[in-house]
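Structure, as C-alpha cells:
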Amino acid sequence: MALAPSKDTATAKGSASTRDASPARPPSRTPSRGFWSSTIGKKTVMAVSGLIMLAYLVAHVAGNLKVFFGPEEFNGYAHWLRVMGAPVLHHEWGLWIARIALLAAVGAHAVSAYQLSRRDIRARPTRYARKRKGSSYATRTMRWGGIILGLFIVWHILDLTTGTVHPGGFEEGKPYQNVIDTFSTWYGNTIYIVAMLAVGLHVRHGFWSAAQTLGVGNARRERVLRLLANGLALVLTAGFIAVPVGVMTGVVN
Amino acid sequence: MKLNLRVWRQRNSGAEGAMATYEVDGISPDMSFLEMLDTLNEELILRGEDPVAFDHDCREGICGACSLVINGDAHGPERTTTCQLHMRSFRDGDTVDVEPWRASAFPVVKDLVVDRTAFDRIIQAGGYVTAPTGAAPEAHATPVPKAAADSAFEHAECIGCGACVAACPNGSAMLFTSAKVNHLNVLPQGAPERETRVLDMVAQMDAEGFGGCTLTGECATACPKGIPLPSIAAMNKEWLRARRKVK
Ligand code: HEM
Ligand code: SF4
Ligand code: FES
C-alpha cells in the first residue's frame, strides 16, 4: 500500500463492488509541520504546563502542612512568601512572579486541553452499540476532573487569597484563622475534599501521560513512572485533605 | 451453533445506516468469523437480498484488510485479526453485534467497509526510504545493532488494519503512525529521512482528521500484532527531536 498514488490505493482495501461509491477521501486540511498546529505540539504544551502546576502543588502541600505547627509558624511562612527573594527582589515580587507563571500555565493548559478535546470528539462522533470500558477511571475522568479543578481554582482564590467569598471576616496576613473559618463550613470542606480527590486522579494519569508525551517513557521505565505517578497522587491528595480533617477533628484550632 | 447477529447495514457513504438483525444457523465452531459471514451472505443471496459488504483479502492475518468491531471490540474478543477469529470464541445462542470501524477519518463506504486511504496518505508522507536498496544485500553489508533490528522488526509487524483507530475513544492514529515511524527511524537505512519522516507523517496524520492521543492504551489492547503502547512515547521523542533539528 506504500507508494501508489492515492486514487489507486483507494481500491486497495475496498471490495470491487463498492468501489464507485468511495471516492478517495481527501485530507481535511493541508498538512503542517508547525508546533502549535500539531496534536503532539499541543500535547507537549499541556504536559509542560501540567508539570509546572504539579511542581507548584508539591511546594503548596508542604507549606500547608505547617498548619499543624500552629499559627505562628503558619502565618510566618505566609509572610515569608511575600519577602522571598529579598533583598534581591522587592516586597512581593517573588510571589507575583510565581503567580504570573502559574496563571500562564493554567491558561496554556486549559487552552490546549480544550482544543485537543474538541478535536478528539470530532474525530470519533459515532459510538459503538455495545460500550466497553477499556481504560482506567483516572484516564476516563481527565476532562471532567480538569473542569472541576478549574472551577476549584477560581473558588479557592476568591476564598483564601482575595477573601471575596470567604465565610466570616477575612483578614489579610492571618491565613491560619482564615483556613479555620473555611473548614468550619460544611460546603468549604465538601468542595475542598472533592477537588483534592480530583487532583489525585488527574495527577495519577497526568504525570505518567506527561512522561509519554515528552518521550521519557519507555517499557523499561514503565513501572517506575507508574509508581511515581501513584505516589505523587497519593501524597498530594492525602496531604491536602489532612488540613480540613485537622480542623474538623479540632487538632487545628 | 446458532447466532443472533446484529449487523450494521448502510447502502453507501451518503446514506443513513442502522443495525439489522439476522439469525444464522448451522455455524461450526471451526469456522472463522468471516466464514460465518459468508454463510449469512449465501443465504441472503438465495433470498434475493443484498449481501453484507465487508473487507477481507488474505484471510490469514497478514494483509490488514479485515476490519470488524465485534461486540464493541475491534477484531473481536481474541487478540488477533477478524479473519483469524474462530466461532469457538462464541457460544450457541449468543447475540453478536458487528459494526464497522468508527472514526471520522475512516468514513463508511458500505455496510462494514470503511475507507482507509487516510493511512495510505500517511505512508506516502514519509513511510519509505530513499536509499536505493536494490535486491536483498549481503546481510552484513550494513551492520544493524541487535536492539535496533528487534525494534524495527516489532514495528514492521503492523499490518495497517486500523484497529487502533477503531478502538481509540479519540479516533487517534498514533499507534499506527508510531509503528511506521519507529520501524524505519531505528534503522541506518532510514536515517537520511529520520527527521522529515516523523514531521511529515505526523502532519499528515493530523491533516486527515484523526484525534489526538490521550494515552488510554485501548489501541495497544486491540492491536492484533501487539504493537506496544510505549511506541507512541518513542515517536513523541522522535518528533520533539526533529522539531529541534529541522527549521
Ligand atoms: C484548569 C484546570 C485543568 C484542566 C481544564 C485540565 C485538563 C486536562 C486535560 C483535558 C488533560 C488531558 C487528559 C488526557 O490527555 O487524557 C490534562 C492533562 C494533564 N494535566 Fe490537567 N487540567 C487542569 C488542571 C491541572 C492541574 C492543577 C495540574 C497539576 C497537577 C494538571 C496536570 C496535568 C498533567 C501533568 C497532564 C498530562 C499532560 C499530558 O497528557 O501529557 N492539570 N489536563
Ligand atoms: S498498530 Fe496494530 S492495530 Fe494499528 S494498524 Fe497497525 S496492526 Fe493494526
Ligand atoms: S483478511 Fe488479511 S488480515 Fe484478515
Side-chain angles (χ1 to χ4, degrees), chain A residues 1-6 9-10 12-15 17-19 21-22 24-25 27-35 37-44 116 119-132 134-136 139-140 142 205 208-209 211-219 222, chain B residues 6 12-13 19 53 55 65 69 71-73 97 99 102-105 107 109-110 113 115-121 123-125 127-128 160 167-172 199-200 202-204 206-218 221 228 230 232-234 236-240 243:
Chain A
M1 66 183 213
L3 284 169
S6 60
T9 52
K13 283 186 179 172
S15 52
S17 64
T18 59
R19 197 185 301 168
S22 73
R25 182 181 169 277
S28 45
R29 54 192 171 88
T30 27
S32 157
R33 280 187 185 177
F35 187 86
S37 57
S38 157
T39 50
I40 301 182
K42 284 191 170 57
K43 188 89 181 174
T44 303
L116 282 173
R119 190 193 162 92
D120 296 348
I121 292 163
R122 245 184 287 134
R124 175 62 188 285
T126 321
R127 295 187 172 198
Y128 292 112
R130 213 174 288 195
K131 241 181 91 187
R132 210 174 34 86
S135 54
S136 74
T139 308
R140 281 182 279 122
M142 288 304 274
H205 181 68
W208 174 85
S209 275
Q212 312 304 313
T213 301
L214 300 176
V216 180
N218 59 34
E222 176 68 11
Chain B
R6 302 204 305 154
N12 57 49
S13 52
M19 296 297 265
D55 262 334
V69 170
N71 286 340
D73 289 320
D97 291 338
E99 294 168 272
R102 293 291 190 197
S104 318
V109 173
K110 179 177 182 176
V113 177
D115 179 351
R116 283 171 284 182
T117 49
F119 269 13
D120 296 327
R121 288 187 293 270
I123 295 289
Q124 285 166 33
Y128 50 79
C168 176
N170 311 317
S172 171
L199 292 178
D200 290 339
V202 167
Q204 188 67 37
D206 285 340
E208 295 291 346
F210 292 104
C213 178
T214 57
L215 293 149
T216 66
E218 299 203 43
T221 308
I232 291 178
N236 289 335
K237 188 174 176 182
E238 284 294 304
W239 189 85
L240 289 168
R243 282 283 322 177

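Side chains included, hydrogens not; waters and symmetry mates left out as well; all remaining heavy atoms used. Just so it is clear: chains get the letters A, B, ... in the order the sequence lines come, proteins before strands, and each one is counted from 1. In this text the structure is predicted, and so the values were computed from the model without any measurement.
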Which pair of heavy atoms, one from A:Ala129 and one from B:Arg6, lies closest together, and at what distance?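 Where A:Ala129 meets B:Arg6 most closely, the heavy atoms are CB-NH2, 4.2 Å.
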
On a heavy-atom basis, which atom in B:Gly211 and which in A:Ala123 lie closest, and how many Å separate them?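 Smallest interatomic distance, heavy atoms only, reads N-CB, 3.3 Å.
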
Who pairs with A:Arg33 by side-chain contact (heavy atoms from CB on, under 4.5 Å), at least two apart in sequence or on another chain?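 Counting only residues at least two positions away or on another chain, A:Arg33 forms a side-chain contact (heavy atoms from CB on, under 4.5 Å) with B:Thr196, B:Leu199, B:Asp200, B:Val246.
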
For A:Arg124, what residues pass the side-chain contact (heavy atoms from CB on, under 4.5 Å) criterion, not counting sequence neighbours?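 A:Arg124: side-chain contact (heavy atoms from CB on, under 4.5 Å) contacts with A:Tyr128, B:Arg102.
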
Count the heavy-atom pairs under 4.5 Å between each of A:Gly215, A:Gly217, A:Ser136 and chain B, then report the option with the highest count.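 So the answer, after comparing A:Gly215, A:Gly217, A:Ser136, is A:Gly215.
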
Working to the nearest 0.5 Å, report the span between CG of A:Leu116 and CG of B:Asn170.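 Separation between the atoms: 9.0 Å.
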
Let me confirm one number: the CG-NZ distance from A:Asn218 to B:Lys237, rounded to the nearest 0.5 Å.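 Rounded to the nearest 0.5 Å, the CG-NZ separation comes to 7.0 Å.
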
Answer with side chain, backbone, both or neither: which region of [X] has an atom nearer than 4.5 Å to a non-hydrogen atom of chain B?
{"X": "A:Arg140", "value": "neither"}
{"X": "A:Ser38", "value": "both"}
{"X": "A:Ser37", "value": "backbone"}

State, yes or no, whether a side-chain contact exists between B:Leu215 and A:Thr213 at a heavy-atom distance under 4.5 Å.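 The answer is yes, as the side chains (C-beta and beyond) meet within the 4.5 Å cut-off.
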
A:Lys43 side chain near B:Thr214 side chain, heavy-atom distance below 4.5 Å: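 Sidechains of B:Thr214 and A:Lys43: in contact.
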
Between B:Ser172, B:Gly171, B:Ala203, who has the most heavy-atom pairs with chain A when the cutoff is under 4.5 Å?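 The option with the most such pairs is B:Ala203.
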
Proximal component of B:Thr221, with respect to chain A [non-hydrogen, under 4.5 Å]: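 Answer is neither: B:Thr221 stays 4.5 Å or more from chain A.
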
Does any heavy atom of chain A fall under 4.5 Å from the side chain of B:Ala125, the backbone, both, or neither of them?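 It is neither, since no heavy atom gets under 4.5 Å.
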
N/O donor-acceptor pair under 3.5 Å between A:Asp120 side chain and B:Gly212 backbone: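 Yes, A:Asp120 side chain to B:Gly212 backbone: donor-acceptor pair under 3.5 Å.
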
Hey, is the main chain of A:Ser32 close enough, under 3.5 Å, to the side chain of B:Asp206 for a donor-acceptor pair?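 Checked: no pair found.
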
